[in-house]
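Only this structure's heavy atoms are used, side chains among them; waters, hydrogens and symmetry mates stay out.
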Amino acid sequence: DLMKSKPDQVTIDKAIIEYIQNMRVRRLSEGTIANASSVLGYVDPGTKEITRSGKLLMWLHSQIIKPVFIGDVTLGDLDEWRATWTGQDTTCRGILEQTRRFFRFCKKRGWIKQNPALDMDAVKVRRGNRNAPFTTGQYNAIIEAVGRYSPDNVPGRGEATWQRRLLTFVKLLRHSGMDLADAVQF
């Protein structure tokens, strides 16, 4: 039984699968699960297998010496991984927070002795005018506007495709928590 495994016996993949599955059991929103998946890995709810690596898993798999068990991941590993982040400050802060939650989950289950992510230095977020989330009414108005908007430089046949792409982009912004600049690069 995975829940009774010793700290050095739980693989990183299994820990990610259990974490994402736990989020589903707790009925967290799809946006919250998608955010965690983008950081850790995408888990198929049916097969309970990782179908695509998230940022952390991609980085771990790119290492010459790859940690296998969750207890093998060190603060040094996480610091090296963070050095590869390219997003805006608020996006990087979100990745750090998600990483800390994941390792807290692992520690609560006894899979690791310490949470290495707790010792990662905080991401400095610049002060200034930050965007607040849109209300449900505002979001619905944006979605309606996408359907009504017809840019001059898109021919009639391409309008539906353009609107579908714009709608996808708006949903990405809403559910990922990315800054606009990061979403454009995504």
Side-chain angles (χ1 to χ4, degrees), residues 2-3 5-24 26 28-43 50-134 169 172-186:
L2 185 60
M3 297 307 237
S5 295
K6 293 181 182 172
D8 60 349
Q9 295 178 333
V10 177
T11 65
I12 295 165
D13 286 6
K14 279 289 189 191
I16 290 171
I17 291 166
E18 289 293 319
Y19 180 70
I20 300 296
Q21 287 301 109
N22 180 271
M23 294 178 86
R24 288 190 175 113
R26 291 170 37 217
L28 299 182
S29 75
E30 283 304 312
T32 300
I33 295 169
N35 186 321
S37 297
S38 72
V39 173
L40 302 168
Y42 296 84
V43 177
I50 295 176
T51 57
R52 189 173 50 157
S53 297
K55 292 173 181 62
L56 176 60
L57 211 48
M58 277 192 276
W59 184 84
L60 289 171
H61 288 170
S62 74
Q63 300 307 293
I64 293 171
I65 300 175
K66 298 169 183 51
V68 175
F69 299 106
I70 195 64
D72 295 339
V73 179
T74 67
L75 173 61
D77 292 330
L78 295 177
D79 283 340
E80 284 182 40
W81 171 51
R82 179 171 49 189
T84 67
W85 298 353
T86 58
Q88 297 291 319
D89 53 359
T90 54
T91 300
C92 291
R93 180 181 59 190
I95 294 170
L96 176 60
E97 290 169 358
Q98 188 59 247
T99 304
R100 286 179 174 166
R101 283 191 292 271
F102 168 66
F103 281 99
R104 183 179 330 119
F105 175 87
C106 294
K107 185 174 186 308
K108 283 182 177 180
R109 278 144 187 82
W111 302 338
I112 55 176
K113 292 177 184 162
Q114 286 183 272
N115 178 344
L118 280 180
D119 291 327
M120 293 175 75
D121 293 329
V123 174
K124 177 141 175 75
V125 176
R126 73 182 189 281
R127 295 177 62 125
N129 186 13
R130 293 296 183 164
N131 296 333
F134 290 112
F169 183 71
L172 172 69
L173 290 172
R174 171 138 178 142
H175 296 294
S176 70
M178 288 183 186
D179 284 331
L180 182 61
D182 293 331
V184 169
Q185 293 175 1
F186 184 73

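Under the ring-ring contact (aromatic ring centres under 6.0 Å, His included) criterion, Phe103 pairs with no residue, sequence neighbours left out. Considering only residues two or more places apart in sequence or on other chains, Ser37 meets the side chain to side chain donor-acceptor pair (under 3.5 Å) condition with none of them.
Heavy-atom contacts from other residues, nucleotides or ligands closer than 6.0 Å to NZ of Lys66 number more than 12.
The two residues Ile20 and Ala36 have their closest heavy-atom pair at CD1-CB, 3.9 Å. For Cys106 against Ala15, the heavy-atom pair with the smallest separation is SG-CB, 3.9 Å. Residues Val73 and Pro67 share a closest heavy-atom pair of CG2-CB, 4.3 Å. Contact between Asp121 and Leu96 at its shortest, heavy atoms only, is O-CD2, 3.6 Å.
Using modelled atom types and a 3.5 Å distance limit, the side chains of Thr32 and Asn35 yield no donor-acceptor pair.
Taking the side chain as every heavy atom from C-beta outward, Glu80 and Gln63 approach each other to under 4.5 Å. For the pair Gln98/Arg101, a side-chain contact is recorded, criterion being any heavy-atom separation below 4.5 Å from C-beta on. Contact of the Met120 side chain with the Leu75 side chain is registered, since non-hydrogen atoms from C-beta on lie closer than 4.5 Å.
Checked against the 6.0 Å centroid threshold, Phe105 and Trp111 count as a close aromatic pair.
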Candidate pair Leu56 and Ile95, rule side-chain contact (heavy atoms from CB on, under 4.5 Å), full reasoning: CA-CA 9 Å; Leu56 176 60; Ile95 294 170; over 6 Å; no

Taking it one step at a time, do Lys107 and Arg104 satisfy side-chain contact (heavy atoms from CB on, under 4.5 Å)? CA-CA 5 Å; Lys107 185 174 186 308; Arg104 183 179 330 119; 5.7 Å; no

Could you please spell out the steps behind the side-chain contact (heavy atoms from CB on, under 4.5 Å) verdict for Leu57 and Asp13? CA-CA 8 Å; Leu57 211 48; Asp13 286 6; 3.6 Å; yes

Pair Thr99, Trp81 - check side-chain contact (heavy atoms from CB on, under 4.5 Å), show working. CA-CA 11 Å; Thr99 304; Trp81 171 51; 3.4 Å; yes

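Interatomic distance, CZ of Arg109 versus CG of Asn22, reported as 5.0 Å (0.5 Å rounding). Between Glu18 atom CD and Phe102 atom CZ the span is 10.5 Å, to the nearest 0.5 Å. For the atom pair CD1 (Ile12) and CG (Asp72), the distance works out to 6.5 Å, reported to the nearest 0.5 Å. Atom CZ of residue Arg52 and atom CE of residue Met58 lie 8.0 Å apart, to the nearest 0.5 angstrom. Separating the OG1 atom in Thr74 from the CG atom in Asp79 is a distance of 8.0 Å, to the nearest 0.5 Å.
In this structure a side-chain-to-backbone donor-acceptor pair under 3.5 Å is present from Arg100 to Ala117.
Checked options Arg26, Gln21, Arg24; the residue passing with Ile33 is Arg24 (criterion: side chain to side chain contact (heavy atoms under 4.5 Å, CB included)).
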